[in-house]
Amino acid sequence: MKNEGEAAKRPDNTAFTQQRLPAWQPILSAGIVIPSFLLIGLAFIGIGIGLFLTSQTIQVWEMDYTGFEKDSPCFRCTILSNQNCTCEVTFSLSTLFSVKSSYFPSDCSPYAYDSEKNPIVPCGAIANSIFNDTFELYQIINGTKKQVPLDGKGISWWTDYNIKYRNPSSVNSSFAKSFDGTVKPINWPKPAYELDLTDPNNNGFLNQDFLVWMRRAALPQFRKLYRRITDGDYAAGLPAGNYSLKVHYNYPVLSFDGRKKVVFSNVSWMGGKNDFLGIAYLVVGSLCVVMSVVMLVVYAKFKFSDDDDDA
């Protein structure tokens with residue numbers, strides 16, 4: 001009886017249960033490891049050079065308009081009592097600037113309900129702190145201002161617009177009715193259903209500026225896409241000349257020692273300007289090449305020593 005019980009507990013006599021499946025284990029000899037390190041290092045160096053040189057071709061121009069300095073044209077807008085304040089900053093470009101884009105650099109508590117226990121929509125500190133400065137860019141030609149068109153369509157991530165966020169269903173064909181019983185965030189000048197009254201596809205939680213802001217930044221210093229310059233006479237970029245940037249100053253930052261900048265930049269196949277990525281590839285590739293040389297020297301030393309001993 002004992003033998004029958006033990007036999008019943010034995011696994012089936014198959015290649016899988018008896019661990020007889022064919023296997024392959026690489027033998028890491030010097031003839032394989034050293035050339036592999038060398039080839040990987042050369043490949044990384046090549047990619048690093050390509051990334052670094054591409055990054056150098058990207059044009060970046062930035063301008064601080066916080067108004068921290070008293071001689072700044074936006075200094076008067078930092079006074080909280082100045083409502084609907086605008087300031088104008090002028091600058092010049094010496095060459096064609098092929099701009100493709102410009103940037104402005106959880107738990108809902110304690111922004112879940114207002115003092116009367118009405119739910120805040122959208123809730124949370126990120127939504128409450130949405131960036132609300134707006135800009136108008138003009139080219140100055142013979143003393144006359146010509147407005148540069150700024151395109152705000154499609155600046156958010158596709159996944160945010162099509163998957164992550166949704167607008168509530170309309171009630172009685174009125175989008176605003178969907179927000180009955182809720183209040184806007186404390187620092188918002190208008191509710192979510194009035195973010196863009198001219199375009200229903202860019203209103204509410206699907207507003208492009210709202211989606212861009214809600215995409216969390218990893219670091220305290222960050223850039224967020226504001227608009228693209230791709231149309232009309234400026235499809236090839238901003239020509240050399242004088243420009244004026246009109247800022248509708250609404251977003252206070254001096255209370256927490258923040259700074260605001262407008263950054264004009266173009267992009268390449270690798271995205272925006274990023275020297276670190278190319279340098280990282282160059283460093284890793286160089287280390288691989290150095291390691292291959294070191295391993296070759298060590299291997300040759302011990303190999304020849306063994307040959308001499310055998311002789």
Side-chain angles (χ1 to χ4, degrees), residues 54 58 98-109 111-113 119-137 148-232 234-235 248 250-251 262-274 277:
T54 302
I58 297 176
S98 52
V99 177
K100 292 300 180 185
S101 56
S102 58
Y103 297 81
F104 60 81
S106 70
D107 184 7
C108 285
S109 179
Y111 299 100
Y113 300 92
I120 298 175
V121 176
C123 67
I126 298 178
N128 184 68
S129 64
I130 189 171
F131 184 85
N132 59 350
D133 282 359
T134 57
F135 308 91
E136 297 174 19
L137 181 62
V148 179
L150 303 178
D151 183 13
K153 296 181 179 179
I155 60 175
S156 65
W157 285 28
W158 184 91
T159 52
D160 289 346
Y161 186 86
N162 293 278
I163 299 176
K164 187 174 180 180
Y165 291 89
R166 285 287 184 272
N167 275 328
S169 300
S170 299
V171 179
N172 297 327
S173 301
S174 175
F175 185 51
K177 288 285 187 180
S178 303
F179 292 83
D180 284 350
T182 67
V183 294
K184 66 178 180 63
I186 299 173
N187 291 335
W188 282 32
K190 52 188 176 181
Y193 53 84
E194 293 182 358
L195 291 180
D196 190 348
L197 298 177
T198 62
D199 185 2
N201 295 323
N202 190 42
N203 201 11
F205 302 140
L206 295 182
N207 178 266
Q208 293 290 322
D209 292 326
F210 172 75
L211 295 176
V212 169
W213 185 257
M214 292 301 291
R215 171 62 58 173
R216 299 182 182 181
L219 301 173
Q221 295 184 359
F222 56 88
R223 297 179 181 178
K224 287 186 176 289
L225 182 60
Y226 177 72
R227 293 293 184 268
R228 294 189 179 99
I229 303 175
T230 56
D231 300 329
Y234 304 94
H248 297 267
N250 302 307
Y251 195 78
V262 171
V263 179
F264 293 93
S265 174
N266 54 8
V267 295
S268 67
W269 59 269
M270 60 167 283
K273 190 175 183 65
N274 185 356
L277 188 60

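With a 4.5 Å cut-off on side-chain heavy atoms, Leu150 and Ile229 count as touching. A 4.5 Å side-chain heavy-atom check between Tyr161 and Asn201 finds at least one atom pair inside the cut-off. For the pair Arg223/Val263, a side-chain contact is recorded, criterion being any heavy-atom separation below 4.5 Å from C-beta on. Using a 4.5 Å heavy-atom threshold, the side chains of Arg228 and Leu225 count as touching.
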> Does the pair Thr182 and Ile120 meet the rule for a side-chain contact (heavy atoms from CB on, under 4.5 Å), with working shown?
Replying inline: CA-CA 6 Å; Thr182 67; Ile120 298 175; over 6 Å; no
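For the side-chain contact (heavy atoms from CB on, under 4.5 Å) test, residues two or more places apart in sequence or in another chain that qualify with Ala217 are Phe222. Under the rule for a side-chain contact (heavy atoms from CB on, under 4.5 Å), the partners of Asn132 that lie at least two apart in sequence or sit in another chain are Pro189, Asn250, Tyr251. Under the rule for a side-chain contact (heavy atoms from CB on, under 4.5 Å), the partners of Glu194 that lie at least two apart in sequence or sit in another chain are Lys190, Pro191, Leu197. By the side-chain hydrogen bond (donor to acceptor under 3.5 Å, both in side chains) test, Asp196 pairs with Thr198, Asn202, sequence neighbours left out. With sequence neighbours left out, Pro168 forms a side-chain contact (heavy atoms from CB on, under 4.5 Å) with Phe175, Ser178, Phe179, Phe205. Under the rule for a salt bridge (Lys or Arg N to Asp or Glu O under 4.0 Å), the partners of Arg215 that lie at least two apart in sequence or sit in another chain are Asp160.
Put simply, the side chain of Asn266 never gets that close to the backbone of Ile58: no donor and acceptor are under 3.5 Å apart. A donor-acceptor pair under 3.5 Å is formed between the side chain of Trp213 and the backbone N or O of Ile126. Proximity of a side-chain donor or acceptor of Tyr111 to a complementary backbone N or O of Ile186 within less than 3.5 Å is not detected.
Atom OG1 of Thr134 and atom CZ of Arg227 lie 9.0 Å apart (nearest 0.5 Å). Atoms CG and OH, on Asp209 and Tyr226 in that order, are 6.5 Å from each other to the nearest 0.5 Å.
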Please report, to 0.1 Å, the donor-acceptor pairs under 3.5 Å made by any side chain of residues 152-159, with sequence neighbours excluded.
from	atom 1	to	atom 2	distance (Å)
Ser156	OG	Gln208	OE1	2.8

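Scanning all heavy atoms of the two residues, the minimum distance from Ile130 to Trp188 falls at CG2-NE1, 3.2 Å. Heavy atoms only, all atoms of each residue included: Ala192 and Pro122 are closest at CB-CD, 4.3 Å. For Pro149 against Tyr234, the heavy-atom pair with the smallest separation is CD-CD1, 3.7 Å. Of all heavy-atom pairs between Ala127 and Phe210, the closest is CB-CE1, 4.3 Å.
Annotation for Tyr165: atom OH counts as buried by contact number, over 12 foreign heavy atoms lying within 6.0 Å.
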